[in-house]
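Order of the sequence lines fixes the chain letters, A, B, ..., with proteins taken first and strands second; residue numbering starts at 1 for each chain.
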Amino acid sequence: MDMAKTYEPKSFEDRLYSEWEARGYFRAEVDTTKRPFCVMMPPPNITGQLHMGHALNNTLQDILVRFKRMQGYSAEWVPGTDHASIATEVKIVEQMKEEGLTKDMIGRDGFMVRAWEWKEKYNTRIVNQLKKLGSSCDWSRLAFTMDNHLSAAVSKVFVNLYNKGLIYRGSRIINWCPTCKTALSDAEVEYIEHDSNLWHIAYPTVDGEDRLIVATTRPETLFGDTAVAVNPNDERYSHLIGKMLKLPLTDREIPIVADDYVECEFGSGAVKITPAHDPNDFEVGLRHNLPILRVMNDDGTLNELCGERYNTLDRDVARKIVVDDLKEQGYLVKIEPYTHNTGCCYRCHSIVEPIVSKQWFVSMKPLAEPAIEAVKSGEIRFVPERFSKTYFNWMENIKDWCISRQLWWGHRIPAYYCDKCGELVVSETTPDICPKCAHTTFSQDEDVLDTWFSSALWPFSTLGYPDKTAELDYWYPTTVLVTAYDIIFFWVARMIFSGIEHMGQIPFGDVLIHGIVRDEQGRKMSKSLGNGVDPLKVIEEYGADSLRFSLASGIAPGSDTRYIESRVESCRNFINKVWNASRFVLMNCEGKTLPKVGTFELAPEDKWITCRLNDAIAEITSNLEKYEIGMAAGRIYDFVWTEFCDWYIEMSKSALYSDDEDLKCRKASYLEYILTQILKLLHPFIPFVTEEIYLNLPNHTDTIMNEEWPSVNAGEFGAEHDRVEFLRDVVRATRNVRAEMNVAPSKKLRVYLVTDVDISTIKPIMLKLINAETVEVVDKATISDKCTTVVILGAEIMIPMGDLVEFDKELIRLEGELANVDKEIKRCEGMLQNERFVSKAPEAVVNAEREKLAKYRETQSVLIGKINEIKAIM
RNA sequence: GGAAGUUUAGCUCAGUUGGGAGAGCGUCUGCCUUACAAGCAGAGGGUCAUAGGUUCGAGUCCUAUAACUUCCACCA
């Protein structure tokens with residue numbers, strides 16, 4: 001045996017992973033003799049490195065995959081990474097900035113070269129991090145959203161949708177990020193509260209006789225105003241409807257229109273209408289046929305329509321100057337402090353500008369309907385269920401999806417414009433000839449697609465779509481998707497409608513939603529707070545298994561968890577416990593010829609641990625099936641530490657340290673058997689250490705990864721089980737006396753038992769566990785020693801006090817016990833005297849209470865007798 | 001404005017169909033007992049947010065309230 005005295009993960013984790021990988025253990029095959037199980041890894045962005053959220057996500061997936069693999073499924077876990085169009089481009093641009101470069105300076109081709117270099121670097125890094133974690137994914141199918149065949153899937157899908165009329169190009173109000181200089185989808189905008197003002201500005205009527213005061217948060221967009229709207233029922237302004245106003249700071253005239261959209265109570269009750277720069281105003285503009293004046297450039301500066309004084313000013317600067325000018329010219333009536341939400345870019349956090357722009361859109365309504373139905377019908381199941389509400393809420397109110405991005409890194413839109421007549425042709429490849437003018441050269445659309453357009457296809461593009469592959473046939477729909485709740489809209493929802501639309505089938509049956517990993521104080525981990533914890537550093541210090549176990553335990557589906565270092569440490573301690581228990585077992589197997597389990601009679605404690613093991617297997621298995629991973633982890637932890645280490649190993653020592661060689665061999669063999677089962681149960685959670693130990697066990701030369709998951713072997717061990725439970729009660733009670741009476745563990749006891757239980761088979765163990773000189777079953781009347789007494793279910797334990805204990809202390813102890821018993825008796829009596837409890841509660845529950853009461857009364861009388869006895873002596 | 005979640009030991013959290021409140025960490029006591037001091041044996045600590053209700057019985061189910069968190073919407 002060559003196991004170190006303490007668990008040292010660094011000495012084997014990397015080595016084992018390389019071996020697993022080299023031997024192809026992670027590779028799953030299309031195998032119709034096995035049941036398929038398939039998980040698609042949510043592809044990490046190639047923007048940087050993995051964080052705790054990834055560690056959690058991948059740990060959970062790996063647990064499920066390893067569990068299913070051991071259950072005999074052909075378990076395929078497809079890994080991959082996401083090109084993360086905008087996020088990556090932002091990073092690359094930042095990096096270029098440090099070198100004094102801009103996108104324009106190096107051009108599209110030059111930029112793409114850089115971007116692919118970036119991809120190579122970070123992709124490799126991420127893959128290595130996943131390996132460090134122990135992820136057993138099938139690297140032979142590693143995918144990247146911009147791989148050739150995944151890109152082919154994107155083009156195919158785009159063309160299909162276009163031909164069905166579900167993709168269109170048009171001028172709409174979209175969210176524009178002036179920093180990233182691209183359009184964003186609604187989902188990519190986050191609303192953040194900002195302190196601002198409501199500026200009240202007077203717009204005079206053309207005749208100069210009246211004025212209308214408007215309230216706005218965006219004075220600088222005044223140049224794009226094409227009307228002022230009031231509520232048709234607002235009597236204050238009804239005489240003005242239809243009149244013309246002079247737009248301050250300009251020489252333009254704009255009409256006053258009436259529209260229900262305006263709320264009389266808010267602000268002044270009059271709204272300036274800027275159709276090109278506000279989604280609501282855009283709608284009002286359509287209703288009233290107003291011109292759309294775009295007064296802002298793509299970089300957030302005002303354009304020439306604003307006049308020489310304001311042209312090229314940044315929107316923030318322009319706001320100040322406009323306000324100053326309005327004030328100076330007497331138009332500014334009031335400044336009212338006002339807090340409101342402003343949309344910000346989810347990548348660079350600059351304020352998003354609603355702008356009218358020509359973009360590509362996906363028509364969502366027809367796609368959403370079947371996607372809603374799939375969840376309503378239960379075909380797709382969210383775990384926990386409540387997230388389906390989140391899903392419905394979004395899907396049922398969905399708007400068309402803006403999918404074009406003015407970026408370079410991504411899938412270029414497969415749309416071509418005839419160089420001669422400008423005719424649009426949507427096609428997977430460059431068209432040969434213009435259908436309109438027969439010209440033969442085309443220019444491809446400059447834009448790329450929203451990054452989520454390609455990840456929406458992930459469950460089938462990674463399995464070979466658009467080709468009809470055996471993999472798709474076998475593994476699609478996939479079994480379960482494991483992801484955090486923050487990308488339900490971005491990703492989960494879009495995979496669902498994409499799968500249904502393009503494959504004709506849902507992409508996965510179950511969606512396991514987990515929370516996000518927060519810091520010790522419950523804050524979100526973020527760059528700006530600098531509170532992120534690097535999983536690799538944790539692995540370096542505690543080992544991957546410790547990190548995995550700490551992430552997997554104490555969690556409930558859908559709820560957030562905190563990363564707490566002391567928790568990792570306690571998991572490391574647990575693994576060390578497993579390590580040392582294994583060392584103990586191995587030590588005792590050494591040099592012995594172990595008889596095969598099944599060929600010898602089991603001792604009472606063997607039968608007992610077998611019962612406990614069976615319970616544990618049943619619970620762990622069913623919890624894993626239900627995705628209750630935290631509960632499964634807690635159960636195995638408890639079984640290993642409490643039942644196996646604290647009790648079974650301790651009980652086994654009397655046999656192991658006896659002189660009976662056969663007995664010793666049998667015990668070693670059974671210990672080894674139980675340990676093996678334990679290692680299998682632990683393996684999905686802590687794969688490295690279980691493998692390392694497993695390979696050290698006698699007769700195990702092959703990986704534990706592909707061993708069969710333990711199953712429940714029902715045994716009829718009732719009587720032996722009870723006997724061991726009795727033993728435990730005696731031991732506990734005796735230890736209690738020692739602790740309370742301050743009797744050193746090294747001091748041997750003599751113990752008398754008054755009981756009907758046959759203790760012959762458990763007596764040697766009992767002696768060992770309570771460190772007793774003798775344990776005798778006696779007739780109470782024959783004892784002449786002055787004893788301290790403990791009453792447990794089924795026995796009185798009497799320990800001669802001699803000079804071990806002091807009488808006054810013993811009296812206090814006994815009185816304390818009596819008080820407890822009295823309390824219990826009261827509780828029982830209360831219940832049993834309640835006639836409705838007796839008549840309505842299940843019989844078993846009532847009987848149990850009756851039995852307890854009888855025992856407590858017995859205990860009570862023993863204690864009273866004892867107390868009197870001691871009082872008499874004192 | 002709409003929705004969801006949380007509220008259990010000093011801290012972080014479990015508690016799956018309603019039947020005597022749990023774990024880890026921390027605290028206190030005693031132990032280097034030949035697998036493990038990353039350990040062993042114990043102890044202490046909770047009107048399960050509040051108020052009602054259903055029930056023989058509620059941390060668990062229902063209603064209301066409060067505090068906190070998150071998501072969605074975005075009235076300028």
Side-chain angles (χ1 to χ4, degrees), chain A residues 3 5-7 186 191 198 214-218 221 229 261-263 265-274 278-281 284 338 340-343 384 386-387 389-390 392-394 397 485-486 488-489 515-516 520 522 524 542 546 550 553-556 558-562 564-567 569-588 622-623 626 628 630-631 633-634 637-638 645-646 649-650 653 657 731-732 735-736 738-740 742-746 768 771 824 827-828 831 834-842 844-846 848-849 852:
Chain A
M3 284 176 71
K5 197 177 166 184
T6 48
Y7 156 64
D186 294 339
Y191 288 87
L198 210 45
V214 301
T216 180
T217 54
R218 302 286 322 261
T221 62
Y261 153 73
V262 182
E263 304 230 347
E265 293 75 31
F266 190 88
S268 61
V271 188
K272 69 190 209 50
I273 300 299
T274 323
D278 182 281
N280 291 308
D281 293 5
V284 175
Y338 183 61
H340 69 130
N341 290 332
T342 17
R386 66 183 141 92
F387 286 101
K389 259 195 179 167
T390 314
F392 290 138
N393 185 46
W394 193 70
N397 298 300
Y485 56 72
D486 56 353
I488 291 177
F489 306 137
I516 59 174
E520 299 217 9
K524 234 174 170 166
Y542 295 99
S546 305
S550 80
S553 37
I555 55 161
S559 21
D560 290 349
T561 176
R562 298 187 190 195
I564 295 172
E565 186 167 350
S566 67
R567 209 150 75 193
E569 202 177 323
S570 86
C571 289
R572 192 268 320 263
N573 294 353
F574 168 66
I575 297 170
N576 186 53
K577 186 77 180 174
V578 173
W579 182 264
N580 275 292
S582 307
R583 225 161 53 87
F584 175 81
V585 172
L586 264 166
M587 214 179 253
N588 284 289
S622 86
N623 277 319
K626 288 186 291 189
E628 287 283 1
M631 270 193 250
Y637 180 98
D638 199 50
C645 293
D646 292 349
I649 285 187
E650 291 309 317
K653 283 179 180 172
Y657 298 159
V731 171
R732 281 202 192 105
R735 282 176 178 165
N736 239 313
R738 267 189 195 279
E740 287 183 38
N742 220 347
V743 179
S746 52
K768 169 91 189 139
N771 192 25
E824 290 302 322
R827 191 190 57 79
C828 278
M831 280 179 90
N834 182 340
E835 198 252 316
R836 286 181 303 182
F837 169 70
V838 178
S839 60
K840 291 196 173 176
V845 175
V846 177
E849 281 311 311
K852 280 186 219 164

Inset, instruction - Using whole Å, report how far CZ of A:Phe584 lies from P of B:U33. - result: 16 Å
Legend entry - Span that lies between the C1' atom of B:G22 and that of B:U63, in whole angstrom: 29 Å
Inset, instruction - Would you mind telling me which of B:A35, B:A73, B:C56 lies closest to the side-chain atoms of A:Asn341? - result: B:A73
Inset, instruction - Classify the nucleic acid contact of A:Thr217 as base, sugar-phosphate or nothing, counting any heavy atom under 4.0 Å across all strands shown. - result: sugar-phosphate
Inset, instruction - Look at all strands and tell whether A:Arg827 reaches a base, only sugar-phosphate, or nothing, counting heavy atoms closer than 4.0 Å. - result: base
Strictly under 3.5 Å: I want the nitrogen or oxygen pairs between protein and nucleotides 1-8 of chain B, one per line.
unit_1: B:A4; atom_1: OP1; unit_2: A:Lys389; atom_2: NZ; d: 3.1

Inset, instruction - To the nearest 0.5 Å, tell me how far A:Ser550 OG sits from A:Ile555 CD1. - result: 10.0 Å
Legend entry - Flag side-chain contact, heavy atom, 4.5 Å: A:Val578 against A:Tyr7: no
Inset, instruction - Using distance alone, with no hydrogens and no angle criterion, decide if A:Tyr485 and A:Asp560 have a side-chain donor and acceptor under 3.5 Å apart. - result: yes
Inset, instruction - Starting at SG of A:Cys571, measure out to CG of A:Asn576 and round the result to the nearest 0.5 Å. - result: 12.5 Å
Inset, instruction - Between B:C13 and B:A64, how far apart are the C1' atoms? Round to whole Å, please. - result: 28 Å
Legend entry - Nearest-Å distance once atom C1' is located in both B:A9 and B:A43: 14 Å
Inset, instruction - Determine the Euclidean distance between corresponding C1' atoms of B:G46 and B:G10; express it in Å to zero decimal places. - result: 11 Å
Inset, instruction - State whether the side chain of A:Arg567 and the backbone N or O of A:Ser553 hold a donor-acceptor pair below 3.5 Å, judged by distance alone. - result: no
Inset, instruction - Using salt bridge (charged side-chain N to carboxylate O under 4.0 Å, His left out) as the criterion, list what pairs up with A:Lys653, not counting sequence neighbours. - result: A:Glu650
Inset, instruction - Take atom CD1 of A:Ile488 and atom P of B:C72, then tell me their distance rounded to the nearest Å. - result: 11 Å
Inset, instruction - Would you check if the side chain of A:Asp638 reaches a backbone N or O of A:Gly634 as a donor-acceptor pair within less than 3.5 Å? - result: no
Inset, instruction - May I ask you to say what A:Tyr657 touches in the nucleic acid, namely base, sugar-phosphate or nothing, with a heavy-atom cut-off under 4.0 Å? - result: sugar-phosphate
Inset, instruction - Go through RNA chain B and write down every stem, that is, every run of at least three consecutive Watson-Crick or G-U wobble pairs with distances under 3.5 Å, as range with range. - result: B:1-7 with B:66-72, B:10-13 with B:22-25, B:27-31 with B:39-43, B:49-53 with B:61-65
Inset, instruction - Write down the distance between OH (A:Tyr191) and C1' (B:C74), rounded to a whole number of angstrom. - result: 6 Å
Inset, instruction - Mind listing the closest non-hydrogen atom pair of A:Leu586 and A:Met3 along with its distance? - result: CD1-SD, 3.2 Å
Inset, instruction - Identify whether any heavy atom of A:Gly630 sits under 4.0 Å from a base atom; if not, whether one sits that close to sugar-phosphate; answer base, sugar-phosphate or nothing. - result: nothing
Legend entry - Close side-chain approach of A:Arg732 and A:Arg735, heavy atoms under 4.5 Å: no
Legend entry - Rounded distance [0.5 Å steps], CG in A:Asn573 versus CH2 in A:Trp579: 15.0 Å
Legend entry - Distance, rounded to the nearest Å, where A:Arg562 contributes CZ and B:U12 contributes C1': 7 Å
Inset, instruction - Specify the separation, in whole Å, of atom OH of A:Tyr637 and atom C1' of B:C25. - result: 10 Å
Inset, instruction - Give, for atom CG of A:Asn580 and atom OG1 of A:Thr6, the distance between the pair rounded to the nearest 0.5 Å. - result: 7.5 Å
Inset, instruction - Would you mind reading off the distance between A:His340 atom NE2 and B:C75 atom C1', rounded to a whole angstrom? - result: 11 Å
Inset, instruction - Using atom CH2 of A:Trp394 as one end and atom P of B:C72 as the other, report the distance to the nearest whole Å. - result: 11 Å
Legend entry - B:A14 to B:C32 separation - P atoms, rounded to the nearest Å: 39 Å
Give me, pair by pair, the N or O atoms of the protein and of nucleotides 26-32 of chain B that are less than 3.5 Å apart, along with how far apart they are.
none

Inset, instruction - Using a 4.5 Å cut-off on heavy atoms from C-beta on, say whether the side chain of A:Thr217 contacts that of A:Leu198. - result: yes
Inset, instruction - Using a heavy-atom cut-off of under 4.0 Å over every strand shown, decide if A:Phe489 touches base, sugar-phosphate, or nothing. - result: sugar-phosphate
Any protein N or O atoms within reach of nucleotides 36-42 of chain B? Criterion: under 3.5 Å, listing atom names and distances.
unit_1: B:C36; atom_1: O4'; unit_2: A:Asn580; atom_2: OD1; d: 3.2
unit_1: B:C36; atom_1: O2'; unit_2: A:Asn576; atom_2: ND2; d: 3.3
unit_1: B:C36; atom_1: O2; unit_2: A:Lys577; atom_2: NZ; d: 3.0
unit_1: B:C36; atom_1: N3; unit_2: A:Lys577; atom_2: NZ; d: 2.7
unit_1: B:A38; atom_1: O4'; unit_2: A:Asn573; atom_2: OD1; d: 3.0
unit_1: B:A38; atom_1: O2'; unit_2: A:Asn576; atom_2: ND2; d: 2.8
unit_1: B:A38; atom_1: N1; unit_2: A:Tyr7; atom_2: O; d: 3.4
unit_1: B:A38; atom_1: N3; unit_2: A:Arg572; atom_2: NE; d: 2.9
unit_1: B:G39; atom_1: OP1; unit_2: A:Asn573; atom_2: ND2; d: 3.2
unit_1: B:G39; atom_1: O3'; unit_2: A:Lys577; atom_2: NZ; d: 3.1
unit_1: B:C40; atom_1: OP1; unit_2: A:Lys577; atom_2: NZ; d: 2.8
unit_1: B:C40; atom_1: OP1; unit_2: A:Trp641; atom_2: NE1; d: 2.7

Could you list, one pair per line, each protein nitrogen or oxygen that sits under 3.5 Å from a nitrogen or oxygen of nucleotides 15-19 of chain B, together with the distance?
unit_1: B:U16; atom_1: O2; unit_2: A:Lys626; atom_2: NZ; d: 2.6

Inset, instruction - Would you kindly compare A:Ser268 and A:Ile649 by the position of their nearest RNA chain B nucleotide and give the one closer to the 5′ end? - result: A:Ile649
Inset, instruction - Have a look at A:Val214 and say if it touches a base, only the backbone sugar-phosphate, or nothing, with a 4.0 Å heavy-atom cut-off. - result: nothing
Inset, instruction - Could you tell me the separation between the OG1 atom of A:Thr216 and the CG atom of A:Asp278, rounded to the nearest 0.5 Å? - result: 8.5 Å
Legend entry - Residues A:Glu565, A:Arg572; criterion salt bridge (Lys or Arg N to Asp or Glu O under 4.0 Å); working and verdict: CA-CA 11 Å; A:Glu565 186 167 350; A:Arg572 192 268 320 263; over 6 Å; no
Inset, instruction - Quickly work out the A:Ile575 CD1 to B:A35 C1' distance and round it to whole Å. - result: 17 Å
Inset, instruction - Quick one: closest heavy-atom pair of A:Glu520 and A:Ile564, and the distance? - result: OE2-CA, 3.7 Å
Inset, instruction - Quote, to the nearest angstrom, the P distance that separates B:U8 from B:G15. - result: 14 Å
Inset, instruction - Tell me what A:Tyr338 touches on the nucleic acid: a base, only sugar-phosphate, or nothing, going by heavy atoms under 4.0 Å. - result: sugar-phosphate
Legend entry - Gap in Å between the two P atoms, one belonging to B:C61 and one to B:A23, rounded: 23 Å
Inset, instruction - Taking the side chain as every heavy atom from C-beta outward, state whether A:Phe387 and A:Ile488 have any pair of such atoms under 4.5 Å apart. - result: yes
Inset, instruction - Quote, to the nearest angstrom, the C1' distance that separates B:G26 from B:G57. - result: 35 Å
Legend entry - Residue pair A:Arg218 / A:Thr274, side-chain heavy-atom distance below 4.5 Å: no
Inset, instruction - Of all the heavy-atom pairs spanning A:Val838 and A:Met831, show the shortest one and how long it is. - result: CG2-O, 4.5 Å
